[in-house]
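Worksheet: the structure to be examined is printed underneath.
Reckoned from all heavy atoms, side chains included, excluding hydrogens, waters and symmetry mates. Order of the sequence lines fixes the chain letters, A, B, ..., with proteins taken first and strands second; residue numbering starts at 1 for each chain.
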2 protein chains.
Amino acid sequence: MKNTIKVERAKKNWTQADLAKHIGISRQGLNSIETGKFVPSTVLALRMAKVFNTTVEILFQLDDTEA
Amino acid sequence: MKNTIKVERAKKNWTQADLAKHIGISRQGLNSIETGKFVPSTVLALRMAKVFNTTVEILFQLDDTEA
DNA sequence: ACTTTATGTCATGAATACTTGACATAAAGA
DNA sequence: TCTTTATGTCAAGTATTCATGACATAAAGT
(Lines give C-alpha, C1' and ligand atoms only; values in the text may rest on other atoms or scores of the structure.)
Protein backbone atom coordinates (compact mmCIF):
# COMPACT_ATOMS: atom_id res chain seq x y z
CA MET A 1 0.00 0.00 0.00
CA LYS A 2 1.24 3.46 -0.88
CA ASN A 3 0.61 6.66 1.05
CA THR A 4 1.09 10.40 0.81
CA ILE A 5 1.78 10.99 4.47
CA LYS A 6 5.10 12.67 3.77
CA VAL A 7 3.45 15.17 1.45
CA GLU A 8 0.71 16.00 3.92
CA ARG A 9 3.28 16.39 6.68
CA ALA A 10 5.24 18.76 4.49
CA LYS A 11 2.14 20.91 3.92
CA LYS A 12 1.83 21.32 7.67
CA ASN A 13 5.59 21.39 8.21
CA TRP A 14 5.29 18.62 10.75
CA THR A 15 7.95 16.10 11.71
CA GLN A 16 7.14 12.42 12.04
CA ALA A 17 7.23 12.91 15.81
CA ASP A 18 4.69 15.73 15.53
CA LEU A 19 2.26 13.65 13.55
CA ALA A 20 2.79 10.58 15.70
CA LYS A 21 1.87 12.58 18.77
CA HIS A 22 -1.24 14.00 17.14
CA ILE A 23 -2.61 10.59 16.22
CA GLY A 24 -1.46 8.81 19.35
CA ILE A 25 1.22 6.50 18.07
CA SER A 26 4.98 6.13 18.61
CA ARG A 27 7.41 7.88 16.29
CA GLN A 28 8.86 4.56 15.16
CA GLY A 29 5.41 3.18 14.52
CA LEU A 30 4.53 6.11 12.33
CA ASN A 31 7.83 5.80 10.49
CA SER A 32 7.04 2.17 9.70
CA ILE A 33 3.65 3.16 8.34
CA GLU A 34 4.97 6.08 6.35
CA THR A 35 7.72 3.96 4.80
CA GLY A 36 5.21 1.25 3.94
CA LYS A 37 6.42 -1.43 6.30
CA PHE A 38 3.24 -1.63 8.34
CA VAL A 39 -0.38 -1.39 7.27
CA PRO A 40 -2.07 0.88 9.82
CA SER A 41 -5.35 0.14 11.52
CA THR A 42 -8.44 1.94 10.25
CA VAL A 43 -8.55 3.98 13.44
CA LEU A 44 -5.11 5.44 12.73
CA ALA A 45 -5.95 5.99 9.06
CA LEU A 46 -9.10 7.91 10.01
CA ARG A 47 -7.24 10.00 12.58
CA MET A 48 -4.55 10.89 10.07
CA ALA A 49 -7.05 11.80 7.39
CA LYS A 50 -8.82 13.98 9.94
CA VAL A 51 -5.78 15.92 11.11
CA PHE A 52 -4.77 16.49 7.50
CA ASN A 53 -8.28 17.48 6.52
CA THR A 54 -8.38 14.88 3.78
CA THR A 55 -9.72 11.36 3.23
CA VAL A 56 -8.35 7.88 3.84
CA GLU A 57 -8.60 7.22 0.10
CA ILE A 58 -6.41 10.20 -0.69
CA LEU A 59 -3.90 9.37 2.02
CA PHE A 60 -3.67 5.63 1.29
CA GLN A 61 -3.79 3.86 -2.06
CA LEU A 62 -3.98 0.11 -2.56
CA ASP A 63 -1.37 -1.41 -4.83
CA ASP A 64 -2.69 -3.18 -7.91
CA THR A 65 -1.95 -6.52 -6.25
CA GLU A 66 -3.96 -5.52 -3.17
CA ALA A 67 -7.00 -4.09 -4.92
CA MET B 1 -15.46 2.37 16.14
CA LYS B 2 -18.85 2.12 14.49
CA ASN B 3 -19.59 0.96 10.98
CA THR B 4 -22.42 0.70 8.48
CA ILE B 5 -21.33 -2.56 6.91
CA LYS B 6 -24.65 -4.23 7.62
CA VAL B 7 -26.51 -1.47 5.81
CA GLU B 8 -24.25 -1.62 2.78
CA ARG B 9 -24.55 -5.39 2.70
CA ALA B 10 -28.31 -5.07 2.78
CA LYS B 11 -28.25 -2.71 -0.21
CA LYS B 12 -26.44 -5.38 -2.19
CA ASN B 13 -28.35 -8.22 -0.54
CA TRP B 14 -25.08 -9.87 0.40
CA THR B 15 -24.47 -12.23 3.29
CA GLN B 16 -21.44 -11.84 5.55
CA ALA B 17 -19.91 -14.79 3.71
CA ASP B 18 -20.45 -13.02 0.36
CA LEU B 19 -18.73 -9.86 1.49
CA ALA B 20 -15.94 -11.75 3.23
CA LYS B 21 -15.16 -13.55 -0.01
CA HIS B 22 -15.16 -10.34 -2.02
CA ILE B 23 -12.63 -8.64 0.23
CA GLY B 24 -10.53 -11.72 0.91
CA ILE B 25 -11.20 -12.40 4.55
CA SER B 26 -12.81 -15.21 6.54
CA ARG B 27 -16.50 -15.10 7.40
CA GLN B 28 -15.72 -15.05 11.11
CA GLY B 29 -13.19 -12.29 10.64
CA LEU B 30 -15.73 -10.16 8.86
CA ASN B 31 -18.30 -10.87 11.54
CA SER B 32 -15.89 -9.66 14.20
CA ILE B 33 -15.31 -6.46 12.26
CA GLU B 34 -18.99 -5.87 11.53
CA THR B 35 -19.94 -6.41 15.17
CA GLY B 36 -17.19 -4.04 16.28
CA LYS B 37 -14.93 -6.53 17.98
CA PHE B 38 -11.97 -6.04 15.66
CA VAL B 39 -10.64 -2.87 14.09
CA PRO B 40 -9.86 -3.79 10.49
CA SER B 41 -6.65 -2.98 8.69
CA THR B 42 -6.72 -0.05 6.28
CA VAL B 43 -6.35 -2.49 3.38
CA LEU B 44 -9.61 -4.20 4.31
CA ALA B 45 -11.36 -0.89 4.93
CA LEU B 46 -10.34 0.37 1.50
CA ARG B 47 -11.45 -2.85 -0.19
CA MET B 48 -14.83 -2.71 1.52
CA ALA B 49 -15.37 0.92 0.61
CA LYS B 50 -14.48 0.04 -2.96
CA VAL B 51 -16.86 -2.89 -3.37
CA PHE B 52 -19.63 -0.81 -1.84
CA ASN B 53 -18.79 2.17 -3.99
CA THR B 54 -18.42 4.40 -0.98
CA THR B 55 -15.67 5.81 1.24
CA VAL B 56 -13.89 4.59 4.34
CA GLU B 57 -15.22 7.62 6.22
CA ILE B 58 -18.79 6.70 5.38
CA LEU B 59 -18.31 3.05 6.21
CA PHE B 60 -16.38 3.57 9.47
CA GLN B 61 -16.86 6.27 12.10
CA LEU B 62 -14.60 6.90 15.05
CA ASP B 63 -16.25 6.98 18.45
CA ASP B 64 -15.93 10.24 20.36
CA THR B 65 -13.35 8.63 22.61
CA GLU B 66 -11.29 7.56 19.61
CA ALA B 67 -11.40 10.80 17.69
C1' DA C 1 -40.19 -32.66 11.82
C1' DC C 2 -36.19 -32.08 9.20
C1' DT C 3 -32.86 -29.42 6.61
C1' DT C 4 -30.66 -25.41 5.08
C1' DT C 5 -29.05 -20.73 5.61
C1' DA C 6 -27.37 -16.72 8.08
C1' DT C 7 -25.44 -15.07 12.04
C1' DG C 8 -22.93 -15.08 16.37
C1' DT C 9 -19.57 -16.92 19.24
C1' DC C 10 -15.52 -19.58 21.22
C1' DA C 11 -10.84 -21.58 21.34
C1' DT C 12 -6.37 -22.05 19.39
C1' DG C 13 -2.67 -20.55 16.76
C1' DA C 14 -0.30 -17.71 13.23
C1' DA C 15 0.68 -13.30 11.45
C1' DT C 16 1.03 -8.57 11.97
C1' DA C 17 0.83 -3.97 14.41
C1' DC C 18 2.66 -1.28 17.78
C1' DT C 19 5.91 0.08 21.96
C1' DT C 20 10.22 0.99 23.95
C1' DG C 21 15.02 1.66 24.04
C1' DA C 22 18.86 1.96 21.36
C1' DC C 23 22.03 3.25 17.70
C1' DA C 24 23.47 5.27 13.03
C1' DT C 25 23.55 8.95 9.73
C1' DA C 26 22.87 13.19 7.40
C1' DA C 27 21.71 18.00 7.56
C1' DA C 28 21.54 22.37 9.87
C1' DG C 29 22.87 25.65 13.39
C1' DA C 30 25.99 27.66 17.03
C1' DT D 1 33.91 21.34 15.37
C1' DC D 2 30.29 20.32 18.37
C1' DT D 3 25.47 19.87 19.07
C1' DT D 4 20.87 19.35 17.79
C1' DT D 5 17.20 17.70 14.85
C1' DA D 6 14.94 14.55 11.67
C1' DT D 7 14.84 10.23 9.84
C1' DG D 8 15.72 5.32 9.46
C1' DT D 9 16.43 1.02 11.43
C1' DC D 10 16.92 -2.95 14.72
C1' DA D 11 15.73 -6.13 18.58
C1' DA D 12 12.58 -7.79 21.94
C1' DG D 13 8.26 -7.83 23.91
C1' DT D 14 3.14 -6.99 24.04
C1' DA D 15 -1.20 -6.47 21.83
C1' DT D 16 -4.23 -7.12 18.19
C1' DT D 17 -5.91 -9.02 13.87
C1' DC D 18 -7.12 -12.76 11.19
C1' DA D 19 -7.66 -17.96 10.01
C1' DT D 20 -9.74 -22.32 11.02
C1' DG D 21 -12.75 -25.58 12.98
C1' DA D 22 -16.44 -26.06 15.90
C1' DC D 23 -20.91 -25.36 18.03
C1' DA D 24 -25.43 -22.82 19.05
C1' DT D 25 -29.57 -20.53 17.57
C1' DA D 26 -33.13 -18.57 14.91
C1' DA D 27 -35.55 -18.20 10.62
C1' DA D 28 -37.10 -20.06 6.37
C1' DG D 29 -38.03 -23.68 3.24
C1' DT D 30 -39.60 -28.66 2.21
Side-chain angles (χ1 to χ4, degrees):
Chain A
M1 202 178 53
K2 294 179 181 175
N3 71 77
T4 56
I5 298 172
K6 197 171 186 174
V7 174
E8 297 299 326
R9 271 200 307 110
K11 289 181 187 173
K12 275 193 152 10
N13 199 28
W14 277 2
T15 66
Q16 290 182 345
D18 290 334
L19 175 56
K21 193 169 185 178
H22 271 86
I23 64 173
I25 195 185
S26 69
R27 180 187 69 84
Q28 294 91 330
L30 175 67
N31 182 275
S32 292
I33 292 169
E34 183 170 315
T35 58
K37 295 188 171 178
F38 290 168
V39 172
S41 72
T42 299
V43 167
L44 291 183
L46 285 170
R47 283 189 191 150
M48 269 195 239
K50 191 175 184 182
V51 300
F52 285 142
N53 232 15
T54 184
T55 66
V56 173
E57 276 82 359
I58 287 179
L59 212 44
F60 297 95
Q61 304 93 35
L62 293 174
D63 296 330
D64 295 343
T65 60
E66 296 172 323
Chain B
M1 200 178 53
K2 295 180 181 176
N3 70 77
T4 55
I5 298 173
K6 198 170 185 174
V7 174
E8 296 299 326
R9 272 199 309 108
K11 289 182 186 172
K12 276 194 152 6
N13 200 30
W14 277 2
T15 65
Q16 289 183 347
D18 289 334
L19 175 56
K21 194 169 184 179
H22 270 85
I23 65 172
I25 196 185
S26 70
R27 179 187 71 83
Q28 294 91 331
L30 175 66
N31 181 276
S32 291
I33 292 168
E34 185 170 314
T35 58
K37 294 190 171 176
F38 289 167
V39 172
S41 72
T42 299
V43 167
L44 291 182
L46 285 170
R47 284 189 191 147
M48 269 194 238
K50 191 175 184 181
V51 301
F52 286 142
N53 232 14
T54 184
T55 66
V56 173
E57 276 82 0
I58 287 179
L59 212 45
F60 297 94
Q61 303 93 35
L62 292 175
D63 296 331
D64 294 342
T65 59
E66 296 172 324

Item to check | Steps toward side-chain contact (heavy atoms from CB on, under 4.5 Å) verdict (A:E8, A:K11) | outcome: CA-CA 5 Å; A:E8 297 299 326; A:K11 289 181 187 173; 3.2 Å; yes
Checklist entry - What are the bounds, 5' to 3', of the part of DNA chain C that sits under 4.0 Å from heavy atoms of chain A? => result C:dA17 to C:dA22
Item to check | Side-chain donor/acceptor of B:T42 to backbone N/O of A:P40, under 3.5 Å | outcome: yes
Atom pairs and distances, donor-acceptor, side-chain atoms in residues 57-67 of chain B, under 3.5 Å, two or more places apart:
{"unit_1": "B:E57", "atom_1": "OE2", "unit_2": "A:V56", "atom_2": "N", "d": "2.9"}
{"unit_1": "B:Q61", "atom_1": "NE2", "unit_2": "B:I58", "atom_2": "O", "d": "2.6"}
{"unit_1": "B:D63", "atom_1": "OD2", "unit_2": "B:M1", "atom_2": "N", "d": "2.9"}
{"unit_1": "B:E66", "atom_1": "OE1", "unit_2": "B:M1", "atom_2": "N", "d": "3.2"}
{"unit_1": "B:E66", "atom_1": "OE1", "unit_2": "B:D63", "atom_2": "N", "d": "3.0"}
{"unit_1": "B:E66", "atom_1": "OE2", "unit_2": "B:M1", "atom_2": "N", "d": "3.2"}

Item to check | Close residues, residues 49-67 of chain A, relative to DNA chain D [heavy-atom separation under 4.0 Å] | outcome: none
Checklist outcome for this item: In this structure, NZ of A:K21 is separated from OG of A:S26 (nearest 0.5 Å) by 14.0 Å
Item to check | Least distance between heavy atoms, B:N31 atom then B:Q16 atom | outcome: ND2-OE1, 3.0 Å
Next on the checklist: Run B:M48 and B:L30 through side-chain contact (heavy atoms from CB on, under 4.5 Å) and show every step you take.
Outcome noted: CA-CA 10 Å; B:M48 269 194 238; B:L30 175 66; 3.9 Å; yes
Checklist entry - To the nearest 0.5 Å, what is the distance between CD1 (A:I23) and NZ (A:K50)? => result 13.0 Å
Check nucleotides 16-20 of chain D against the protein and report each pair of N or O atoms closer than 3.5 Å, with its distance, or say if there are none.
{"unit_1": "D:dT17", "atom_1": "OP1", "unit_2": "B:V39", "atom_2": "N", "d": "2.8"}
{"unit_1": "D:dT17", "atom_1": "OP1", "unit_2": "B:V39", "atom_2": "O", "d": "3.4"}
{"unit_1": "D:dC18", "atom_1": "OP1", "unit_2": "B:S41", "atom_2": "N", "d": "3.2"}
{"unit_1": "D:dC18", "atom_1": "OP1", "unit_2": "B:S41", "atom_2": "OG", "d": "3.4"}
{"unit_1": "D:dA19", "atom_1": "OP1", "unit_2": "B:S26", "atom_2": "N", "d": "3.2"}
{"unit_1": "D:dA19", "atom_1": "OP2", "unit_2": "B:S26", "atom_2": "N", "d": "2.8"}
{"unit_1": "D:dA19", "atom_1": "OP2", "unit_2": "B:S26", "atom_2": "OG", "d": "2.7"}

Next on the checklist: How bent is the helix from C:dA1-D:dT30 to C:dA30-D:dT1, measuring the angle between the end axes built from five pairs each, rounded to 10°?
Outcome noted: 30°
Item to check | Among A:R9, A:K6, A:R27, salt bridge (charged side-chain N to carboxylate O under 4.0 Å, His left out) partner for A:E34 | outcome: A:R9
Item to check | Spatial distance of atom OG (A:S41) from atom CD1 (A:I25) [nearest 0.5 Å] | outcome: 7.5 Å
Next on the checklist: Please verify the inter-ring angle class for B:F52 with B:W14; under 30° counts as parallel, over 60° as perpendicular, anything in between as tilted.
Outcome noted: tilted
Checklist entry - Hey, can you pull the residues of residues 8-20 of chain B with a non-hydrogen atom under 4.0 angstrom from DNA chain C? => result B:R9, B:T15, B:Q16
Item to check | A:D18 side chain to A:T15 backbone, donor-acceptor under 3.5 Å | outcome: yes
Checklist entry - Whole Å only: how far is the CG atom of B:N31 from the P atom of D:dA22? => result 18 Å
Checklist outcome for this item: Closest non-hydrogen atoms of A:N3 and A:I33, given as atom of the first, atom of the second and distance, are ND2-O, 3.3 Å
